[in-house]
Amino acid sequence: MTELKPKAGTKEWIGLGVIVLVTLLVSVDVSVLGFAIAPLSEDISPTASQLLWIMDIYSFVLAGTLVTVGWLGDRIGRRKLLLIGAALFGVASTLAAFSTSPEMLIASRALLGLAASTLTPTSLALIRNMFHDSKERKTAIAAWGGTLTSGAAIGPVVGGLLLNNFWWGSVFLINTPVMVLVLLSAPFLLPEYRDPNRGKLDLLSTVLSLAGVMTLIYGFKELVIEGYSQSAVVWAVVGALLIVAFVVRQKTTANPMINISLFRSGGFSGAVIVNLMVAFALMGSSVLTNQYLQLVLGYSPLKASLWSLAPMPAIGVAVALSASLGRKVRPAVLIGSALVIMAAGFGVLTMVEVDSNIAVVLVGVGLLAGGMVASKTLAAEIVVTSAPPEEAGSSVATSETFTEFGIAFGFASLGSIGSAVYRDDMAKISPEGVTGSALDSLRSTIGGAADVAAHQSQQIGAQVIDASREAFTHGLQVASLAGAGLMLLTALIAALLLRKTPIEAALPGSLEAAQSQEPQHVQTTAVAASTPAAAPHSSVAYQST
């Protein structure tokens, strides 16, 4: 006889609102800084190297510390860690807003990344503690997933609106009052959950995970921005070796930070791969389409970011359908179908031309976004129910670490394909009077071509601009074709790995299997059920290189 799971009540649904708010701020902070670069550069005068670190340190620290803080949340308490993270996020935001030097801003952004890493895994793990009914949990995770992926799209819009009225520090300061609200409400709305039997923190594992993840992602990014170099390859190889050492350590230490045996489950492995490839598609497509809107169609950054919100209604439908169909259709079919939809989105982008109507881009991005949100939501459900309740935080953190790898992979691979095609096409262009470094610049990037064109005669400038736009669009088409192929391959892999995963994602050791253990650790209150309303979310993220 199937045990009837308690329904969530008003307290749980309001608590979900707190979790969604926290998740939104974490994801918004990834992209909100874009418009503030010019005014903060005038104010605190960072060097080119310092400016790069101001932009990148947040995501580097976030990725590198996820595994450690996921374990820590399971050990000391997920609500406690969320409260600590919220307080640190608020303090770091205030420090960033009032930074008086590049060094202070870099340090503040690093603290923000550390705080963000405490919030993402604990927020999803807490959803598992709050929503025991499978239907309600799917809806709650859909809200979490949609918010996480939509924040990057909202970030540039929020940043642009704030900077139209306030100084550059306002893009950070807006976080502080929200985190105060979280600190005041979370103790009353969110349950506590911890595993007192998790053992001691393994410092060697902490060092290996932090150094490995940060080094590998740094190497990937250097390969894209600077092109092939021996130092970038060394960084990437060292990072990979450190991660291998981390995995070996998890198999031998008495107190592992992640349960390596989870990867023996096709469900967990499939969900992690889906998360990685969804992030790959998000970053790869956003880098290319953002530049297309700005440098080919000539839109301003704010206008481009506003257009990125256009697919939201369609994405809302995708979220609702995934939550509804997830109760009736097996994950292998749903996730595989969502990935095929993403492949179709890439397929539409292969048809983009220099003079295409923006609707073509929006249809392609809308298909990508809808498939991505559905895939992310369904994969998150599998991840959060694949591990025993006491390990949910670390399992989520492991999955989200792969998401960060996917972001770096998408930026590196699709960005590199587009760049390679651009350089190959532009190698045939030799405008009259353009030589030396100027010729190298226009052959390297479409942004460089625009700078060179601005200093030439009208005729030569128009020739350079037309050629660069054609070359960039060709690169977008080829990269999108590669993306479509990879999404179809991922759909096949996901269907194979998830074929035995049931509709409820109740794998061995999952929530349902471990239900008898949960009351020992979880402090929750089951009250009368209420009906949630899932709001539509956008998952389109435009980020300029």
Side-chain angles (χ1 to χ4, degrees), residues 25-65 85 87-119 151-152 155-156 158-176 179 210-211 213-227 229 231-232 235 239 283 287 290 301-302 305 404 407-408 411 445 447-448 451 541-545:
L25 284 184
V26 170
S27 55
V28 163
D29 247 53
V30 172
S31 58
V32 74
L33 190 57
F35 290 159
I37 290 300
L40 75 83
S41 295
E42 293 178 3
D43 188 17
I44 60 177
S45 302
T47 65
S49 176
Q50 288 173 331
L51 191 58
L52 285 175
W53 280 110
I54 289 171
M55 293 292 292
D56 294 339
I57 193 66
Y58 176 85
S59 57
F60 284 171
V61 175
L62 168 61
T65 54
L88 182 59
F89 203 91
V91 170
S93 296
T94 303
L95 291 173
F98 294 103
S99 292
T100 56
S101 68
E103 293 81 5
M104 182 177 178
L105 185 53
I106 291 170
S108 300
R109 288 277 287 170
L111 283 177
L112 276 170
L114 176 60
S117 71
T118 69
L119 300 175
V158 171
L161 294 175
L162 286 171
L163 291 170
N164 280 339
N165 298 282
F166 305 101
W167 95 114
W168 63 265
S170 62
V171 302
F172 298 113
L173 196 60
I174 191 176
N175 297 331
T176 303
M179 286 304 174
L210 176 62
V213 172
M214 290 184 67
T215 304
L216 181 57
I217 291 179
Y218 177 77
F220 273 154
K221 192 158 188 177
E222 284 296 295
L223 283 170
V224 176
I225 295 176
E226 303 296 337
S229 68
S231 62
W235 281 112
M283 180 53 65
V287 166
N290 181 48
L302 180 58
S305 64
E404 296 298 324
I407 291 174
F411 188 76
T445 66
D451 290 338
Y542 290 117
Q543 180 172 323
S544 173
T545 56

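Keep in mind the model is a prediction, meaning the values are calculated, not measured.
L105 CG to L112 CG: the interatomic distance, rounded to the nearest 0.5 Å, is 9.0 Å. Note that OG of S108 and OH of Y58 are 13.5 Å apart. Values are rounded to the nearest 0.5 Å.
S117 and T65 get closest at one heavy-atom pair: OG-OG1, 2.8 Å. Contact detail for R109 and I54: the closest heavy-atom pair is NE-O, 3.0 Å.
For L88, the side chain to side chain contact (heavy atoms under 4.5 Å, CB included) criterion is met by L111, L114, A115, not counting sequence neighbours.
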Using atom types as modelled, flag every donor-acceptor pair under 3.5 Å from a side chain in residues 90-102 to any protein atom, sequence neighbours excluded.
from, atom 1, to, atom 2, distance (Å)
S93, OG, F89, O, 2.7
S93, OG, N175, ND2, 3.1
T94, OG1, G90, O, 3.0
T94, OG1, T176, OG1, 2.9
S99, OG, L95, O, 2.8
S99, OG, A96, O, 3.2
S101, OG, M104, N, 3.2

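Residues F166 and I174 fail the side-chain proximity criterion, which asks for heavy atoms closer than 4.5 Å.
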